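Contents: one structure, followed by commentary.
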Amino acid sequence: MAKRIGVLTSGGDAPGMNAAVRSVTRAALNKGMEVIGIRRGYNGLLNGDYIEMTARTVSGIIQRGGTCLYTARCPEFVKPEGVALGKQKCDELGLDGIVVIGGDGSFRGAADLSAAGIPCIGIPGTIDNDIPCTEYTIGYDTAMNTATEMVDKIRDTTQSHDRCSMVEVMGRNAGYIAINVAIAVGADACITVERDYDLNHIAAKMRKASESGKTHFIIVVAEGVGNTEEIAKKLEVLTGIVVRVSVLGYVQRGGNPTVRDRVIATSMGYHAVELLEKGIGNRIVGLKDDHIYDVDIQEALSMKKPFEDKLYDILEDISL
Ligand code: ADP
Ligand code: F6P
């Protein structure tokens with residue numbers, strides 16, 4: 001039975017992490033536990049950067065992007081000595097468990113710390129939605145909505161100038177943000193690493209659409225593709241249409257979380273505390289068939305995430 005738990009955010013931040021921290025804190029306090037906020041990921045654990053969390057520490061943060069606990073990468077924690085020091089610090093602090101909000105890397109740290117004797121629960125927090133054990137990661141919906149709003153604005157000027165805009169969105173190596181935003185903005189094409197693309201085919205479609213009166217184009221590119229400027233130059237040569245690149249960047253990682261992010265973050269945080277309360281660790285909380293569930297960390301890390309192939313087919317068929 002956990003009596004005192006820690007909570008930290010690690011890796012890249014994501015809108016909705018605050019909602020998860022708030023939920024973990026209040027759920028645990030409500031169950032009579034004490035909560036320690038560990039700042040700047042695993043660094044805070046190793047360097048003694050903590051705060052005692054109260055209900056008021058997490059007041060007024062559910063609507064805010066970023067993370068009130070700050071986040072960082074901690075190279076030291078990747079080494080066994082770092083994990084051993086982490087375990088020692090948990091013992092000194094009297095922690096019976098930790099909730100780790102982050103991505104795959106952070107979960108590897110959580111698995112190591114669980115193996116060392118401190119039960120840890122992972123909550124998926126990343127805008128990329130690239131964690132295989134869950135249908136949803138905290139921040140994904142907000143990032144997609146932000147990107148969609150940005151592309152809608154880009155469309156205005158693209159249309160005025162009879163141009164093509166190629167918009168690069170985040171996602172690390174994954175194209176989940178890209179294909180969903182492409183559908184949402186009514187893009188003419190979407191280029192990601194998951195699906196082969198043929199620039200000649202895209203150019204031919206654009207020329208044909210031009211003949212039928214279309215005057216501007218939007219193409220969404222996933223950052224993982226890695227050479228958006230080069231693709232834009234090639235497309236310009238193939239079509240004779242001016243192609244301009246916009247890289248959306250970090251705007252996608254900030255801003256007020258959407259309802260979906262707030263609700264899922266709150267539900268996942270609550271579930272994580274329920275597990276720690278029972279002394280259960282080494283699990284990741286996820287969404288499966290639209291329900292909150294939990295899975296063993298090692299099993300989760302060996303899973304493969306299916307890709308949204310059907311959305312590409314739809315985009316291809318309705319972008320004329
Ligand atoms: P994310 O959690 O978003 O995938 P990172 O991959 O940068 O982000 O990982 C965040 C932190 O998790 C790292 O800085 C490190 O402290 C810890 N971590 C990453 N990989 C491991 C690992 N193999 N073993 C232990 N800790 C790890
Ligand atoms: O994982 C979230 C993410 O924003 C990715 O989409 C992007 O590739 C990466 O983080 C950027 O990370 P950094 O903060 O190191 O620039």
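As the structure is a prediction and not an experimental result, all values here were calculated from the model. All ligand and atom numbering here is 1-based and tracks the order in the structure.
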Notebook entry, point to check: How are the rings of Tyr42 and Phe77 set to each other: parallel, tilted or perpendicular (split at 30° and 60°)?
Noted result: parallel
Check: Have Thr157 and Ser160 got a donor and an acceptor in their side chains that come within less than 3.5 Å?
Finding: no
Next item on the list: Examine the side chains of Asn145 and Thr258 and answer whether a donor and an acceptor come within less than 3.5 Å of each other.
Entry: no
Next item on the list: Tell me, with the steps shown, if Lys305 and Asp130 meet salt bridge (Lys or Arg N to Asp or Glu O under 4.0 Å).
Entry: CA-CA 7 Å; Lys305 190 154 183 150; Asp130 59 350; over 6 Å; no
Next item on the list: State whether Arg260 and Asp141 are salt-bridged, where the test is any N-O pair (Lys NZ or Arg NE/NH1/NH2 against Asp/Glu carboxylate O) under 4.0 Å.
Entry: no
Give one line per pair: atom of ligand 1, protein atom, distance. Only N/O to N/O under 3.5 Å.
| from | atom 1 | to | atom 2 | distance (Å) |
| --- | --- | --- | --- | --- |
| ligand 1 | 2 (O) | Gly103 | N | 2.9 |
| ligand 1 | 2 (O) | Gly103 | O | 3.3 |
| ligand 1 | 2 (O) | Ser106 | N | 2.9 |
| ligand 1 | 2 (O) | Ser106 | OG | 2.4 |
| ligand 1 | 4 (O) | Asp104 | N | 3.4 |
| ligand 1 | 4 (O) | Gly105 | N | 2.9 |
| ligand 1 | 7 (O) | Arg73 | NE | 2.8 |
| ligand 1 | 12 (O) | Gly105 | O | 3.4 |
| ligand 1 | 12 (O) | Ser106 | N | 3.4 |
| ligand 1 | 14 (O) | Cys74 | N | 2.6 |
| ligand 1 | 16 (O) | Cys74 | N | 3.4 |
| ligand 1 | 16 (O) | Cys74 | O | 2.7 |
| ligand 1 | 18 (N) | Gly105 | O | 3.1 |
| ligand 1 | 20 (N) | Gly105 | O | 3.4 |
| ligand 1 | 24 (N) | Asp112 | OD2 | 3.2 |
| ligand 1 | 26 (N) | Gly109 | N | 3.4 |

Notebook entry, point to check: Using 4.0 Å as the upper bound for N to carboxylate O, is an ion pair formed by Asp91 and Lys87?
Noted result: yes
Nitrogen or oxygen contacts under 3.5 Å, ligand 2 side and protein side:
| from | atom 1 | to | atom 2 | distance (Å) |
| --- | --- | --- | --- | --- |
| ligand 2 | 1 (O) | Asp128 | OD2 | 2.6 |
| ligand 2 | 1 (O) | Arg172 | NH2 | 3.1 |
| ligand 2 | 4 (O) | Arg253 | NH1 | 2.9 |
| ligand 2 | 6 (O) | Asp128 | OD1 | 2.7 |
| ligand 2 | 6 (O) | Gly171 | N | 3.1 |
| ligand 2 | 6 (O) | Arg172 | N | 3.4 |
| ligand 2 | 6 (O) | Glu223 | OE2 | 3.2 |
| ligand 2 | 8 (O) | Glu223 | OE2 | 2.5 |
| ligand 2 | 10 (O) | Arg172 | NH2 | 3.4 |
| ligand 2 | 10 (O) | Arg253 | NH1 | 3.0 |
| ligand 2 | 12 (O) | Arg253 | NH1 | 3.3 |
| ligand 2 | 14 (O) | Arg253 | NH1 | 3.0 |
| ligand 2 | 14 (O) | Arg253 | NH2 | 3.1 |
| ligand 2 | 15 (O) | Arg73 | NH1 | 3.0 |
| ligand 2 | 16 (O) | Tyr250 | OH | 2.3 |

Check: Hey, are Ser59 and Arg56 close enough side-chain-wise for a donor-acceptor pair under 3.5 Å?
Finding: yes
Check: Regarding Glu76 and Asn43, is there a side-chain donor-to-acceptor distance under 3.5 Å anywhere?
Finding: no
Item checked: Side-chain donor-acceptor pair present, Tyr140, Asn180, cut-off under 3.5 Å -> yes
